[in-house]
Amino acid sequence: MSENASLPVVPATADAEPAPPARFDTLPLDPKLLRAVADSGYLTMTPIQAKAIPIVLQGCDVMGAAQTGTGKTAAFSIPLLQRMLKHENPSVSPARHPVRALVLAPTRELADQVADNVKKYAKHTQLRSVVVFGGVDMKPQTAALKAGVEVLIATPGRLLDHIEAKNCVLNQVEYVVLDEADRMLDIGFLPDLQRILSFLPKARQTLLFSATFSPEIKRLAQSYLQDPILVETARPNQTASTVEQRFISATDDDKRAIIKQILKERSIRQAIVFGNSKLGVARLARAFERDGLRTAALHGDKSQDERLKSLDAFKRGEVDLLVATDVAARGLDISNLPAVFNFDVPFNAEDYVHRIGRTGRAGASGLAVTLVTKSDARLVADIEKLIKRTIDLDVYELESERPRFERRTRDDASERSERYERADRPPRAAGPVQRAPAPPADPFFNKPYEASTRDEPPAWEKAKAASPVKGLSSYIKPKRQVAALFGAKKPAPAEG
DNA sequence: AAAAAAC
């Protein structure tokens, strides 16, 4: 609690405390906004919305922390639009309107999604919004900016391009939002962010939202805020309680087979599989495809066109698996996603919270399975510390030792990497990419979805009953027991 | 150990 001592805090609601959900129409909002909210099908507010919206309406700077999938986008966009409507100056011609609100997001897909939401809530108003991000033609963005826009949603790099090209002027911005604020404030983004903020007026309302805020970032963030109010629901860095989290002991060779077996066992129709590297993700996607699953890959080495196509195909249910890097870890709202797999344990514990937050959204249930190898002990310990929960490491029994694929030979592996080069990085020169014909689809994964009819306990429950597995953390903290569990050669580094 | 974000 000491890290919040200097901030006025709206107290977190205890999980057990039953508060009647407040309706949007009890808020002092313009009928045009209320109509748009009603059009979206929303009646009552989520806890973060109920707490943050009145405070944003008052004009305060806000640091908002709430679990994944609880409607943070609406929590800032609805009150900002309201404030903009209230202070409209109708005497100025629309083309001369300055940008009044700026929303920054860490990935292009997220910026796009936030822009869709802003458009949805602003649709009955005169307020115009536009999204700008890299990897696509600048010209349409430039034209939209020049035509005049009140709300600008952007990723940092492309926004700086537009600023330098004098396509937009930000010296009259009244409202700034950093979505996934802790990411925007980390080392990789901070220089661009500071540059952008240097173009904005000092007197403005600034809003930071994320599901994760480390104490360090909280402190850093305060230097960008004026008299901020901290709005938290439940505990920060918390995973949604509707997500069943499983950690399974695995070897690199077994990981794919384990994922496929769990998908079948639980009749899971769709899942995101996260990997840590772009190359690893590209290869893994092709491997799943060869196994007969309809698979799309999403990572930063793909063209923006391919990225959007992969995500769309997944959202439309045309593919079973989305294999992705952390480009897909944050913010993306994929409705009713039943499961997330961590093929690799993420390097940052925060990213674990965000990755598994793609499932179990808006109160739905979800499954998050993390495959843990002996070299991941340290990372798992970091996750346990962050989410303040101990995690049991389950042993999972595969139906057969190497069910679907042979141990690969050196030739096989090099042939495969060649294919990766051809398929995932099309040559710059013109000419269609030759792809191997898709293997016949696995009939299991292509049948229409039906709710789980499982009455057998899953294999990990059986394995657990057979040989009780202890909490992983109890093995990690004392050094010599790490060696006992994993046969590690070097002791884990001492706790800080 | 990586990823993301501009050309």
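Note that this is a predicted model, so its numbers are computed, not measured.
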> Do any of residues 339-348 of chain A sit with a heavy atom less than 4.0 Å from DNA chain B, and if so which?
A:F347, A:N348
> Any luck finding a side-chain donor-acceptor pair between A:Y352 and A:E384 under 3.5 Å?
no
> Check whether any side-chain nitrogen or oxygen of A:R307 sits under 4.0 Å from OP1 or OP2 of B:dA5, and answer yes or no.
yes
> Over how many whole Å does the gap from A:Y352 atom OH to B:dA3 atom P extend?
21 Å
> Round to a whole Å and report the spacing from CG of A:N276 to P of B:dA3.
8 Å
> Rounded to the nearest Å, what distance is computed from the CD atom of residue A:E350 to the P atom of nucleotide B:dA3?
18 Å
> Would you say A:R358's side chain and A:A329's backbone share a donor-acceptor pair under 3.5 angstrom?
yes
> What's A:G300 touching, base or sugar-phosphate or nothing? Going by heavy atoms closer than 4.0 Å.
sugar-phosphate
> Side chain of A:F133 only, heavy atoms from C-beta on: which candidate in B:dA3, B:dA6, B:dA4 is closest?
B:dA6
> Between B:dA6, B:dA1, B:dA4, spot the one nearest the side chain of A:V327, thanks.
B:dA4
> Taking A:K72 first and then A:D179, would you say they form a salt bridge - that is, a charged N and a carboxylate O separated by under 4.0 Å?
no
> Distance check needed: B:dA3 C1' versus A:L298 CG, whole Å only.
12 Å
> Side-chain N or O of A:R108 less than 4.0 angstrom from OP1 or OP2 on B:dA6?
yes
> Could you tell me whether A:I187 contacts a base, only the sugar-phosphate backbone, or nothing, with contacts defined as non-hydrogen atoms closer than 4.0 Å?
nothing
> May I ask you to verify if any side-chain N or O of A:T325 is less than 4.0 angstrom from the OP1 or OP2 atom of B:dA2?
no
> Tell me the interatomic distance from A:D192, atom CG, to B:dA6, atom P, rounded to whole angstroms.
8 Å
> Just the rounded figure in Å: distance from C1' of B:dA2 to CZ of A:F189.
13 Å
> Between A:S77 and A:N117, do the side chains contain a donor N or O and an acceptor N or O under 3.5 Å apart?
no
> Nearest whole angstrom, please: distance from the P of B:dA2 to the CG of A:L379.
13 Å
> With side chain to side chain contact (heavy atoms under 4.5 Å, CB included) as the test, pick out the partner of A:L102 among A:V177, A:I196, A:L178, A:L197.
A:I196
> Picking from B:dA5, B:dA4, B:dA2, which would you name as closest to the side chain of A:S277?
B:dA2
> Applying salt bridge (Lys or Arg N to Asp or Glu O under 4.0 Å), which residue pairs with at least one partner in residues 194-208 of chain A are found, sequence neighbours left out?
A:E164-A:R195
> Can you tell me how far the CD atom of A:E350 sits from the CD1 atom of A:I383, to the nearest 0.5 Å?
10.0 Å
> Around atom CG of A:N336, are there more than 12 heavy atoms from other residues, nucleotides or ligands closer than 6.0 Å?
no
> Grab the CG-P distance between A:D186 and B:dA2 for me, whole Å please.
16 Å
> Name every residue in residues 159-171 of chain A that has at least one heavy atom under 4.0 Å from any atom of DNA chain B, in order of residue number, or write none if there are no such residues.
A:D161
> Under the side chain to side chain contact (heavy atoms under 4.5 Å, CB included) test against A:I387, which residue among A:N237, A:T212, A:T239 passes?
A:T239
> How far does OH of A:Y175 sit from CG of A:L207, to the nearest 0.5 angstrom?
10.0 Å
